[in-house]
Asks: 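My structure is below; once you've seen it, I'll send some questions.
Sequential numbering from 1 along the given sequence is applied to the chain's residues. Worth knowing before you read on, the calculation uses all heavy atoms, side chains too, and leaves out hydrogens, waters and symmetry mates. Values in this document were obtained by computation on a predicted structure and should not be read as measured data.
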Amino acid sequence: MADPSGSRHQSLYKPVGSPSWKEAFRQGCLERMRNSRDRLLNKYRQAGGNMPGRTQNTLLVQEVMEEEWNALQSMDGCPEVLAQLEQPMDLAVLEEIQQELIDQEQSIISEYEKSLQFDEKCLSVILAEWEANSLICPVCTKYNLRITGGVVMCQCGLYIPCHSPELTEQKLRACLEVSVNEHSAHCPHIPGFSVTEGTEEKSSLLMSCLACDTWAVII
């Protein structure tokens with residue numbers, strides 16, 4: 001483990017006992033890491049997604065092991081476990097458990113990074129489609145939008161009376177691109193689009209993102 005001589009980590013090199021206890025500690029740490037996925041990803045995002053030398057600079061492994069150790073020490077009514085805690089600890093066992101947690105931490109981060117890459121790829125496809133001659137409906141992402149007689153329409157059922165008679169497909173495309181690009185500047189996830197009722201029963205095209213809890217009216 002990193003810095004075994006540090007005072008903050010001394011308790012982890014105290015006693016352990018029988019193989020069954022070691023397995024219980026191992027399983028407890030792994031389960032605690034799985035349950036701490038959101039906390040881990042928050043730390044990862046706060047670090048800016050930049051983790052050079054990741055095996056040495058883990059985000060949550062040390063905390064998880066210390067939390068599980070403290071939980072075991074505070075157990076009541078288990079004298080056999082407390083007795084095992086009086087026996088010397090095998091540092092090789094601790095290092096093996098730590099490496100398993102490092103691998104699990106990296107697996108969670110890798111899965112998250114892949115999901116971000118997928119979102120970025122999808123966003124690029126959407127923007128490329130919008131830049132083509134036909135304007136793809138942002139709600140269904142399947143059919144082309146049409147603006148006829150002051151109404152924005154799509155085969156999927158989208159029907160929005162224009163708030164501005166000067167609205168054209170080119171202007172709407174520009175509004176969509178600006179809104180999506182502004183959102184992507186601070187959030188890597190793909191926003192969704194929906195039609196909502198506005199004031200005076202006028203429909204509006206709304207862009208929203210559950211990941212960052214933001215929304216914007218397009219038209």
Side-chain angles (χ1 to χ4, degrees), residues 1-4 6 8-9 11-12 22-72 93-131 136-142 176-194 196 205-218:
M1 300 184 65
D3 191 20
R8 182 170 177 265
H9 310 315
S11 63
L12 290 178
K22 294 172 186 176
E23 181 60 20
F25 179 60
R26 171 181 169 274
Q27 292 295 338
C29 286
L30 292 172
E31 181 66 22
R32 192 177 290 272
M33 178 63 80
R34 282 191 292 270
N35 293 336
S36 300
R37 182 180 183 277
D38 289 344
R39 182 158 54 120
L40 169 61
L41 294 181
N42 282 335
K43 282 179 172 287
Y44 177 71
R45 285 189 286 265
Q46 289 169 8
N50 184 19
M51 292 178 60
R54 193 172 295 171
T55 54
Q56 284 76 39
N57 296 281
T58 60
L59 291 170
L60 204 62
V61 170
Q62 189 68 45
E63 290 181 30
V64 164
M65 294 186 77
E66 290 180 353
E67 288 168 3
E68 184 62 21
W69 176 261
N70 292 332
L72 286 170
V93 173
L94 265 185
E95 290 172 356
E96 181 180 338
I97 294 172
Q98 183 193 39
Q99 187 57 51
E100 282 193 72
L101 290 173
I102 289 173
D103 292 344
Q104 187 179 56
E105 180 179 273
Q106 292 184 15
S107 176
I108 292 172
I109 290 174
S110 177
E111 179 185 354
Y112 175 70
E113 288 175 337
K114 288 179 181 178
S115 73
L116 290 184
Q117 291 172 2
F118 178 77
D119 282 351
E120 289 173 0
K121 186 178 296 185
C122 289
L123 181 59
S124 297
V125 170
I126 291 174
L127 290 176
E129 289 177 341
W130 285 350
E131 290 172 357
I136 302 297
C137 173
V139 176
C140 70
T141 66
K142 290 167 53 179
L176 287 167
E177 290 178 353
V178 167
S179 297
V180 170
N181 287 329
E182 286 180 351
H183 173 266
S184 65
H186 66 81
C187 178
H189 295 275
I190 297 178
F193 293 87
S194 59
T196 182
L205 179 61
L206 182 72
M207 183 186 79
S208 60
C209 178
L210 294 177
C212 63
D213 193 28
T214 60
W215 60 273
V217 176
I218 308 300

Asks: I97 pairs by side-chain contact (heavy atoms from CB on, under 4.5 Å) with which of E68, E23, R26?
Replies: R26

Asks: Indicate the atoms forming the closest heavy-atom contact of R37 with I108, along with that distance.
Replies: CG-CG2, 3.7 Å

Asks: Under 3.5 Å, is there a donor on one side chain and an acceptor on the other for Q99 and D103?
Replies: yes

Asks: Of all heavy-atom pairs between V64 and C29, which one has the smallest distance, and what is that distance?
Replies: CG1-O, 3.4 Å

Asks: Between CD of E63 and CG of L101, what distance do you get to the nearest 0.5 Å?
Replies: 12.0 Å

Asks: What verdict does the salt bridge (charged side-chain N to carboxylate O under 4.0 Å, His left out) test give for E31 and R34, after you've listed the backbone C-alpha separation in whole Å, the side-chain angles of each residue and the deciding distance to 0.1 Å?
Replies: CA-CA 5 Å; E31 181 66 22; R34 282 191 292 270; 2.7 Å; yes

Asks: Search all heavy atoms of E182 against all heavy atoms of H186 and return the closest pair with its distance.
Replies: O-CD2, 3.3 Å

Asks: Show the nearest heavy-atom pair for residues F25 and W69, with the distance to one decimal.
Replies: CE1-N, 3.8 Å

Asks: Locate the shortest heavy-atom distance separating R32 from E67; write the atom from each residue and the value.
Replies: CD-OE1, 3.5 Å

Asks: Do I136 and K142 pass the side-chain contact (heavy atoms from CB on, under 4.5 Å) test, and can you show the C-alpha distance, the side-chain angles, and the key distance before you say yes or no?
Replies: CA-CA 7 Å; I136 302 297; K142 290 167 53 179; over 6 Å; no

Asks: Can you tell me how far OG of S194 sits from CG of L205, rounded to the nearest 0.5 angstrom?
Replies: 7.5 Å

Asks: Hey, are K43 and E105 close enough for a salt bridge, meaning a charged N less than 4.0 Å from a carboxylate O?
Replies: no

Asks: Under the side-chain contact (heavy atoms from CB on, under 4.5 Å) criterion, do F193 and T141 qualify, and how do the steps go?
Replies: CA-CA 10 Å; F193 293 87; T141 66; over 6 Å; no

Asks: Could you tell me which non-hydrogen atom of L206 sits nearest to which non-hydrogen atom of A216, and how far apart they are?
Replies: CD1-O, 3.4 Å

Asks: Starting from the C-alpha separation in whole Å, work towards a yes-or-no answer on side-chain contact (heavy atoms from CB on, under 4.5 Å) for M207 and L176.
Replies: CA-CA 9 Å; M207 183 186 79; L176 287 167; over 6 Å; no

Asks: Might you confirm whether atom CG of N35 has over 12 heavy atoms from other residues, nucleotides or ligands at distances under 6.0 Å?
Replies: yes

Asks: Look only at the side chain of S110 and the backbone of Q106, and say whether a donor-acceptor pair between them is shorter than 3.5 Å.
Replies: no

Asks: Report the C-alpha distance between N42 and R39 in whole Å, list the side-chain angles of each, state the deciding distance to 0.1 Å, and finish with yes or no for side-chain hydrogen bond (donor to acceptor under 3.5 Å, both in side chains).
Replies: CA-CA 5 Å; N42 282 335; R39 182 158 54 120; over 6 Å; no

